[in-house]
Amino acid sequence: METAIALDRATKRFGGITAVDGLSLEIGRGSTVALLGANGAGKSTTVGMLMGLLQPDAGRVTVAGRPPRQAVAEGRIAAMLQDSGLMPGVTAAELVGLARRMYPAPLPTAEALELAGLRELAGRRVERMSGGQAQRLKFALVAVAGAQTMLLDEPTRALDVQGRREFWAAMRNCAAAGRTILFATHYLDEVEENADRVVVLARGRVAADGDPARIREAGGRAVVRFRRPADEALPALPGEVADERGWTTVRTCAPDDVVRRLAASDVAWSDLRVSPPSLDESFLALTTTASPLAEEARVR
Amino acid sequence: MTLYLFRLECLRMLRDPRYLALAVVAPIGFYLLFASLFGGAPAQPGELRDTVEIMVAMAAYGAIWGALSATGPRLAHERASGWLDQLRAMPVTARQLLTAKIAAGLTVALPALVLVCGTAVVAKDVRLEAWQWAVLMLAMWLGTLPFALLGVMVGMLVGPEAAFPLSYGLYMAASALGGLWVPPAHLSAPLLDVARTLPTYRLADLGWRIAAGHPPAVADVAVLAAWSAGLAALTVLVQGRRQGRLRRTRAGIAAAAPVG
């Protein structure tokens, strides 16, 4: 697969803080990758380096095999930045029209507005838009570029539930058109449905890298729940056992073993259910210092 | 693209009621007021009629604010709001950006020139030769360049809260000292020496000489050009230093924020 984005041991320090610490990452053309991490994990710094807005202190960063500034100037990459603003005094359509004129192979303005869910607001002035509408407009500025690679830094910030759903639908359209998409987020639920690869960042390093299901399993514990009469004793089960209102909950790394031992016991259990690890829990496990699970999760 | 950006820059000025009030309506209003108050006396030999002198002064007064307000406060605001950061992530250069901005500054200076002169013709019966009108408009229009550049300077150096009052303060002070409010003939000798160094006075003087039937004065053109060159050089210097520093400071803030 052709490489759209490559970071090779990229490091960025700000004073005494190392925001990105020897980060190596390759993203193939056409893939949709989530950059997952808490605040301060190095997501925005990574995006800044990929856009050539920040110069790495060490290592190499390339976009489509070029230095980032060149890729930006050639219109090969477009980004929705976290702290960027918009030009007041003009309408949404005028602003998207401006962006359109900067790129070599842009989408029609109307199509970009449609994708961003702004068709009805094409004539609205930028300064009269709500936070969510401004956020959609920023997406329209990226969408209209028709760039091969799109970077989205916390794109759904300031969007409500409906807005987020519409946003991801639009983004999947862009992905289906063969674009490479890298989005940074700390919303875990967004990752699983929208990315085919997750890179978990913690303290500027890759804590885990793999497909979403794999990350989920690598990081967290499954939950086994069942009912049982209070007076019956449980066999020894691997994991953390808790009883509440007639329900027993076992948090475990080995759900199969729990079920096997339970089935082999005499306990009159009922209503058995096994749920996979929650992404929240995986994420916490992966980003906690020196977690053995994090080591296990380095699947690449 | 630069052309379209220029168009948007002009559009947003024309949609701004504050611009229309200060750079178009005010100079026309002041012209009518002053021309009615002081415009009665017949011209002394070798001097301009008061209605013509005030016309040139007020045309300059309006044009200057057009050029200054389109650049200074806007740029300061865009720097703070993150619009310039957005543009840095797009295929557009700082040069294209400044070209569009300065061109827009010059363009929105034009309505004051045209409308104040138009008002003078219609309301105060001012008559000049066709060549005088043509040269007057062109010379005074190009003469607003240093003010657009001054605006860029202000916009690059101060924040959005300070940019408007600073621009307006500079504008008022330079207009008063430059003889736009009080005819230069009434200025004391030391003040006139100060006025002669100011682009405000030189812009008006450019117009006064043309209206009197003389070709544009070399001294006027030279002082305006010197201001333009100085401000342009300063802009390049500040921009260069800032780009070097930006990479460190701005990112430093971004990284330090989550830590505290």
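Reminder, nothing fancy here: chain letters follow the sequence lines and each chain counts from 1. Quick note: numbers below take in every heavy atom, side chains included, and nothing from hydrogens, waters or symmetry partners.
- Counting heavy-atom pairs under 4.5 Å between each of A:P88, A:A147, A:A71, A:A38 and chain B puts A:P88 at the top.
- Contacts between residues 90-98 of chain B and chain A, defined by a heavy-atom separation under 4.5 Å, are made by B:M90, B:P91, B:V92.
- Neither the backbone nor the side chain of B:L3 comes within less than 4.5 Å of any heavy atom in chain A.
- With sequence neighbours excluded, the residues that form a salt bridge (charged side-chain N to carboxylate O under 4.0 Å, His left out) with B:R15 are A:E94.
- Between the side chains of A:Q148 and A:R179, not a single donor N or O lies within less than 3.5 Å of an accepting N or O.
- Residue A:R125 touches chain B through its side chain alone, counting heavy-atom pairs closer than 4.5 Å.
- Among A:D153, A:D83, A:N39, the one residue that satisfies the side chain to side chain donor-acceptor pair (under 3.5 Å) test with A:S44 is A:D153.
- You'll find the ring centres of B:W65 and B:F164 inside the 6.0 Å limit.
- A:R60 meets the salt bridge (charged side-chain N to carboxylate O under 4.0 Å, His left out) test with no other residue; sequence neighbours excluded.
- You'll find the ring centres of B:W181 and B:F30 inside the 6.0 Å limit.
- Among residues 96-117 of chain A, the residues having any heavy atom closer than 4.5 Å to a heavy atom of chain B are, in sequence order, A:G97, A:L98, A:A99, A:R101, A:M102, A:Y103.
- Residue contact with chain B, scored on non-hydrogen atoms closer than 4.5 Å, involves the side chain of A:M51 exclusively.
- Counted within 6.0 Å of CZ on A:R66, heavy atoms from surrounding residues, nucleotides or ligands total more than 12; the atom is thus considered enclosed.
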